[in-house]
Amino acid sequence: MSANLPSVASDLLGWYDRHARELPWRAPPGTPPPDPYRVWLSEVMLQQTQVATVRPHFERWVARWPDFARLAAADDAEVMAAWAGLGYYARARNLLKGARAIVSDHGGRLPDSEAALRTIPGIGDYTAAAIAAIAFGRRAVVVDANVERVVARLAAIDTPLPAAKPAIRAATDAITPDAHAGDFAQAMMDLGSTICTTRAPRCLLCPIARHCRALAAGVPDRFPVKPTKRARPVRHGTMFWLERDGAVLLVRRPARGLLGGMRALPTGPWSDAPPGLADAPAEADWRISPATSEHGFTHFTLVSALASAVIDGHIAVADGEWWPIAQIESAGLPTVFAKAAAMFEGMRE
DNA sequence: GAGCCGTGGAG
DNA sequence: TCTCCAAGGCT
């Protein structure tokens, strides 16, 4: 790295003093750190999830479970339902495991070292560093996707990801100051999300533009270099809407894997061809809607047929719970099922 | 290491 | 409309 890089930190911190975003989990620049519980919760919610999506969930969550002890004592099903819509549901399972580990193994307080933090479920390299810096003021090298982008441009690192990660981490280490660790980390992330954006970076507004090698070369958006991705395949399935006395049959998905642990509509297998009524939850007079539901997951697109039936109480039904349709919003359905449920409800009238 | 794991916003 | 991808972690 060039010799002037340490001044990157002072330029960036000066900018952050003036432009830091006000966020419910954040302390203003230069003030004491916020409650570690709020830092931890926000960091987990923010994993692969944008600020605008997290904010309302965060507010509701801290009102309901304001500390580690309260969350550790919470009911699993309620926690999973509260996470509905946020995605990556393993985070909710790990959040609960994490809260219980903090209570049982750490006296109800978050440890302040990266190594100890990393032993807690749901906390990896990034989150451990972020918590250590933001909640405890420790110097830590915090590298998320924003920092990767900022630093890859700053140093014009042209090695493709993920092979570039060690070089990016070293370059980040070189510009990370000993003091104001939390502010520095958050300033880098604010910069990445508002100025040094993936597409069309606003270099004219950038407080560290004078240090940027990618900009000097005239190609800031060429970094970081990313590998090409495979196209998402399409998979087909069927969702079942089984109605009885104003209630609909919901099931709980297996604890692991896609949508693991979440309440759901019954589904058949997901496969290359439409599976029809395979694995229907009951023998019934199923009506297949002419409409289908489409939903994009991370690594495939699901196209679902919509099968509905109304039964009386005398028909044998697979396991599940009858949920009042009028209160379907409170079931905590993942978005893929909430969308389908809305379509089924529209078909009832 | 590479694949799995959601969702909504931006362009 | 469609593609890309975001405050990653786990296996």
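Here is the naming used below: chain letters follow the sequence lines, and residue numbers restart at 1 for every chain. No experiment lies behind these values; they were computed from the predicted model shown.
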Atom pair distance, as rounded to whole Å: CZ in F223(A) and P in dC5(C): 16 Å
Sugar-phosphate, base or nothing in reach of L302(A), heavy atoms under 4.0 Å: nothing
Protein-nucleotide distance (R149(A), atom CZ; dC4(C), atom P), rounded to Å: 16 Å
Side-chain heavy-atom pair F184(A), V142(A) within 4.5 angstrom cut-off: no
Upstream residue (5' side of DNA chain C) when R256(A) and G192(A) are each assigned their closest nucleotide: G192(A)
Atom pair distance, as rounded to whole Å: CD1 in I131(A) and C1' in dG9(C): 13 Å
Short side-chain N/O contact to dC4(C) OP1/OP2 from K226(A), under 4.0 Å: no
Touch class at under 4.0 angstrom, heavy-atom based, for P121(A) against every strand present: sugar-phosphate
Pair E59(A)-W61(A), side-chain donor/acceptor within less than 3.5 Å: no
Euclidean distance for P, dG11(B) against dA7(C) (whole angstrom): 13 Å
Donor-acceptor pair, side chain of D183(A) and main chain of G30(A), under 3.5 angstrom: yes
R26(A) (side chain) donor-acceptor with R21(A) (main chain) under 3.5 angstrom: yes
Sugar-phosphate, base or nothing in reach of A130(A), heavy atoms under 4.0 Å: nothing
Any side-chain heavy-atom pair of V336(A) and F297(A) under 4.5 Å: yes
Non-hydrogen atoms of P334(A) and L259(A) that approach each other most closely: CB-CD2, 3.9 Å
Under-4.0 Å salt bridge between K165(A) and E148(A): yes
Sugar-phosphate, base or nothing in reach of T197(A), heavy atoms under 4.0 Å: nothing
Value in whole Å for how far the C1' atom of dG8(C) lies from CG of L117(A): 15 Å
Touch class at under 4.0 angstrom, heavy-atom based, for W25(A) against every strand present: base
Protein-nucleotide distance (M188(A), atom CE; dA6(C), atom P), rounded to Å: 15 Å
Cationic N near anionic O, under 4.0 Å, R263(A) to E321(A): yes
Residues within residues 64-72 of chain A bordering DNA chain B, heavy-atom distance below 4.0 Å: none
R26(A) side-chain N/O to dA7(C) phosphate OP1/OP2 under 4.0 Å: no
Separation of the C1' atoms in dG1(B) and dG8(C), to the nearest angstrom: 16 Å
Within one Ile-Leu-Val-Met-Phe-Trp-Tyr cluster: W15(A) and M188(A), side-chain cutoff 4.5 Å: yes
W83(A) and Y88(A): CA distance, side-chain angles, deciding distance, ring pair (Phe, Tyr, Trp, His ring centres under 6.0 Å) verdict: CA-CA 9 Å; W83(A) 199 271; Y88(A) 284 140; over 10 Å; no
Pairwise P distance for dG8(B) and dG9(C), with rounding to whole Å: 22 Å
Nucleotides 4-11 of chain B: protein proximity per nucleotide (B base, S sugar-phosphate only, - neither; heavy atom, under 4.0 Å): SBBBSSB-
Below 4.0 Å: OP1/OP2 of dG9(C) and any side-chain N or O of T127(A): yes
